[in-house]
Engineer: 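Have a look at this one.
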Amino acid sequence: MKNIILIGFMGSGKTSAAISLSYRLRRTMVDTDKEIERLHHMTVSEIFERLGEDEFRSMETRCLERLLGRSGGEIISTGGGLPMREENRKLLKRLGTVIYLRVKPETVCTRLEADTSRPLLQGGDKEEKVKRLLETRGPFYESAADFIVDTDEKMTDSIVDEILERAGAAIR
Ligand code: S3P
């Protein structure tokens, strides 16, 4: 069975949608950040601080490789920067149906206003950082995705309805 993989920027709602998909389809859910944290006994912030972003990105690649070795049929929520590596985009395609949850910078800023867990958004002008990162990343998310779902102003349930409708037979 194919995996369903959610990609998109921080605050795009990947985790909530993945939890809901997992309940509705009765499939297990994997979150690449959580997998990495569990394996290395460190939070993502600690990994960035102690080992650096490059090492974290290599951990993401290894995480995808491990997921490829499993039997499939899982709901996979990914870290927001994971599809930036070409190698990772190739692995995502091999893993299953890739869905880009698209979000506007204003929505991210509202949702993550008080967040301290994303090292890339700490310090300085958060709005500016989000805008700049989203501009750079948008084309990579698009090229990695089988289809795009816009998530601004939508509740998780309607996002999941749209995913299920559009993915159709591809995810069964
Ligand atoms: C990151 C997104 C985070 C996490 C790390 C880096 C990014 O995941 O992987 O802080 O580069 O966008 P979420 O998208 O789940 O917040």
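Ligands are counted one by one from 1 in listed order, and the atoms in each one are counted from 1 as well.
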Engineer: If we only consider heavy atoms of Met84, is any one of them less than 4.0 Å away from an atom in ligand 1?
Structural biologist: no
Engineer: If you measure every N or O of Arg137 against every N or O of ligand 1, does any of those distances drop under 3.5 Å?
Structural biologist: yes
Engineer: Nearest to atom 10 (O) of ligand 1, what protein heavy atom do you find, and at what distance?
Structural biologist: Pro119 CD, 3.5 Å
Engineer: Run the numbers for me: atoms of ligand 1, each under 4.0 Å from some heavy atom of Phe56, listed by number.
Structural biologist: 9 (O)
Engineer: Please state which option from Glu37, Arg57, Glu53, Lys34 has its nearest heavy atom closest to atom 6 (C) of ligand 1.
Structural biologist: Arg57
Engineer: Which heavy atom of the protein is the closest neighbour of atom 7 (C) of ligand 1, given with residue, atom name and distance?
Structural biologist: Gly81 N, 3.3 Å
Engineer: Using heavy-atom distances, let me know which of Asp33, Val44, Thr32, Ile36 sits nearest atom 3 (C) of ligand 1.
Structural biologist: Asp33
Engineer: Short list, please: which atoms of ligand 1 are under 4.0 Å from a heavy atom of Lys14?
Structural biologist: 13 (P), 14 (O), 15 (O)
Engineer: For Ala18, does its backbone N or O pair with a side-chain atom of Ser77 as donor and acceptor, under 3.5 Å?
Structural biologist: no
Engineer: With heavy-atom distances below 4.0 Å as the criterion, list the atoms of ligand 1 near Arg118.
Structural biologist: 16 (O)
Engineer: Please check if the side chain of Asp115 supplies one atom and the backbone of Arg118 the other of a donor-acceptor pair under 3.5 Å.
Structural biologist: yes
Engineer: Rounded to the nearest 0.5 Å, how far does CG of Leu82 lie from OH of Tyr141?
Structural biologist: 9.5 Å
Engineer: With heavy atoms only and a cut-off of under 4.0 Å, state how Asp31 meets ligand 1: side chain, backbone, both or neither.
Structural biologist: neither
Engineer: Are Thr97 and Asp146 close enough that a side-chain donor and a side-chain acceptor fall under 3.5 Å?
Structural biologist: no
Engineer: Can you name the atoms of ligand 1, numbered from 1 with element, that are less than 4.0 Å from a heavy atom of Leu120?
Structural biologist: 7 (C), 11 (O)
Engineer: Under a 3.5 Å threshold, yes or no: a donor from one side chain and an acceptor from the other, between Ser58 and Arg85?
Structural biologist: yes
Engineer: Donor-acceptor pair, distance only, cut-off 3.5 Å: does the side chain of Ser143 make one with the backbone of Phe140?
Structural biologist: yes
Engineer: Would you mind checking if Glu65 and Arg62 are paired as a salt bridge, meaning a charged N to carboxylate O distance below 4.0 Å?
Structural biologist: no
Engineer: Can you classify the ring geometry of Phe48 versus Phe56 as parallel (below 30°), tilted (30 to 60°) or perpendicular (above 60°)?
Structural biologist: tilted
